[in-house]
Every structure is written in structure tokens, then in C-alpha cells.
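Below is one structure, written out as C-alpha cells, with a few remarks after it.
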Amino acid sequence: MSVEKHLNGLAGTLTALRDQAPRLTRWGSTLARRLTEGGRLLAAGNGGSAAEAQHLTAELVGRYRHDRAPFSALALCSETSSVTAIANDYGYDQVFARQIAAHARPRDIVVLLSTSGRSANLLEGARAARKVGAQVWALTGPAPNPLAELADDVLDLPGDPCHVQEAQLVAVHALCEAFEAALPATLRRVS
Ligand SMILES: O=C(CO)[C@@H](O)[C@H](O)[C@H](O)[C@H](O)COP(=O)(O)O
């Protein structure tokens, strides 16, 4: 594929993401409320989506745009010893589900990123999260897909997996924009 074709494909996926702005704004408000009430965000994905899950949690624990309070967020894919032990002892399908069963509480939010919406470990993770009453948000490629069906809410995007992945990074930043904008003024020190 030529570079021009790649960039045109990405532009199409980003156009579809623009239509999801109201959902991301709503997610940001919910996230601000849950995290300030003591909840936590757990994120997971495979491959490139694992990097995006880590990117999201880093923005919340560190900061995104503004200097502000830190919030509790864990990227389950980067727990190397847990991931390798669970995969070794229980199978790779369980690497997120077991960590979610260990860490998730009813007021938490579990963000699962996938391009296909078909990764078995994410499907098991969604089931585990729902079992404890945590809210499941999925970012996926084209719907319908099994992960979208299991999630409480889904941001699905059209396009090739590479473009979905690229646009999901934009979605992560947009969610952080909405999150920081929704924080109470006492926790938001604009710098
Ligand atoms: O980064 C890429 C492709 O862009 C790959 O590493 C990709 O993330 C991996 O193949 C994943 O296993 C795909 O999982 P998923 O997005 O289908 O859930």
C-alpha cells in the first residue's frame, strides 16, 4: 500500500471517530466521577493495543495536559510476572480475566482495546469484569464483533486494523481531554 493510500485510509477512520465525540465526552465525565470517588481504571489489549492500554493508564497516573492529582489506573498487559505466570499456569486466554477477578471492584471501569474484537483473552476479561459488576468499555474495529456484544458500551471504528489502532490512540487522548475537563476544579490545576 502506498503512503498516500495509508493516510487516506486513516482519514476515513478518523472521520468516523469524530462521530464518536459525544460518547468520548460521556466516558470522560463518568471516568472523572468514578476515579474521584475512589474507583480505578483497568486497561488491557494485545500487541499494539497493549501499548495503547499502557498509554492510557500512564496519562491517568501521571498527567495528560494539566498538572493535577494522580488517579488509579493499571495496564494489565504490562504486569509481566502476572501475565507470564497466568499464561503458563492457566493459559493465555486467562491473562486478563484472572487479574480482573483479583483487582476489579464494582465501581471500576475496565477498558479493553482490540482491532478485531475477537481476542479470546479480552472476551474472558470482559466476562470477568461483568461478573464483579465493573463497567466494561470496549474500543474495537468494525462491529458487530464478540467483544462489542459483551461490553457495556463500545466505541467501534471502521477500517483496516492498522487504521483502527491509530485512531484508537487518538480516542485515548480525546478521552483524557474529556476526563480532565470533567474533573472538579479542586483536582484540576491548569498549568
Ligand atoms: O500491532 C499490531 C498490528 O498493528 C499487532 O501487534 C496486533 O496488535 C496483534 O496482532 C494483536 O494480537 C491483535 O489483537 P486484536 O487487536 O485483534 O485484539
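One-based numbering, in listed order, for ligands and for the atoms of each.
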Exercise. Just heavy atoms, cut-off under 4.0 Å: does Arg118 contact ligand 1 by side chain, backbone, both, or neither?
Worked result: neither
For this session: Starting from atom 12 (O) of ligand 1, find the nearest protein heavy-atom neighbour and note its residue, name and distance.
Result: Asn46 CB, 3.7 Å
For this session: Give yes if a backbone or side-chain nitrogen or oxygen of Gly48 is under 3.5 Å from a nitrogen or oxygen of ligand 1, and no if not.
Result: yes
For this session: Would you mind checking which non-hydrogen protein atom is closest to atom 14 (O) of ligand 1, with the distance to 0.1 Å?
Result: Ser119 OG, 3.5 Å
Exercise. Distance only, no hydrogens: is a donor on one side chain within 3.5 Å (strictly under) of an acceptor on the other, for Gln135 and Arg130?
Worked result: no
For this session: Cation-pi check, Arg98 to Tyr90: give yes when NZ or CZ is under 6.0 Å from the six-membered ring centre and within 45° of the ring axis, no otherwise.
Result: yes
Problem set entry | His55 and Glu59 side chains, donor-acceptor separation under 3.5 Å | yes
Problem set entry | atom 2 (C) of ligand 1: the protein heavy-atom neighbour that sits closest, reported with distance to 0.1 Å | Gln165 NE2, 3.5 Å
Exercise. Within 4.0 Å of atom 18 (O) of ligand 1 (strictly less), any protein heavy atom?
Worked result: yes
Exercise. Do Asn145 and Asp156 have side-chain N/O donor and acceptor atoms under 3.5 Å apart?
Worked result: no
Problem set entry | Check: Trp137 and Leu31 side chains under 4.5 Å, non-hydrogen atoms | yes
Exercise. Does Asp108 use its side chain to pair, donor to acceptor, with the backbone of Arg105 at less than 3.5 Å?
Worked result: yes
Seminar exercise, completed: In ligand 1, the atoms that come under 4.0 Å of a heavy atom of Ser114 are 15 (P), 16 (O), 17 (O), 18 (O)
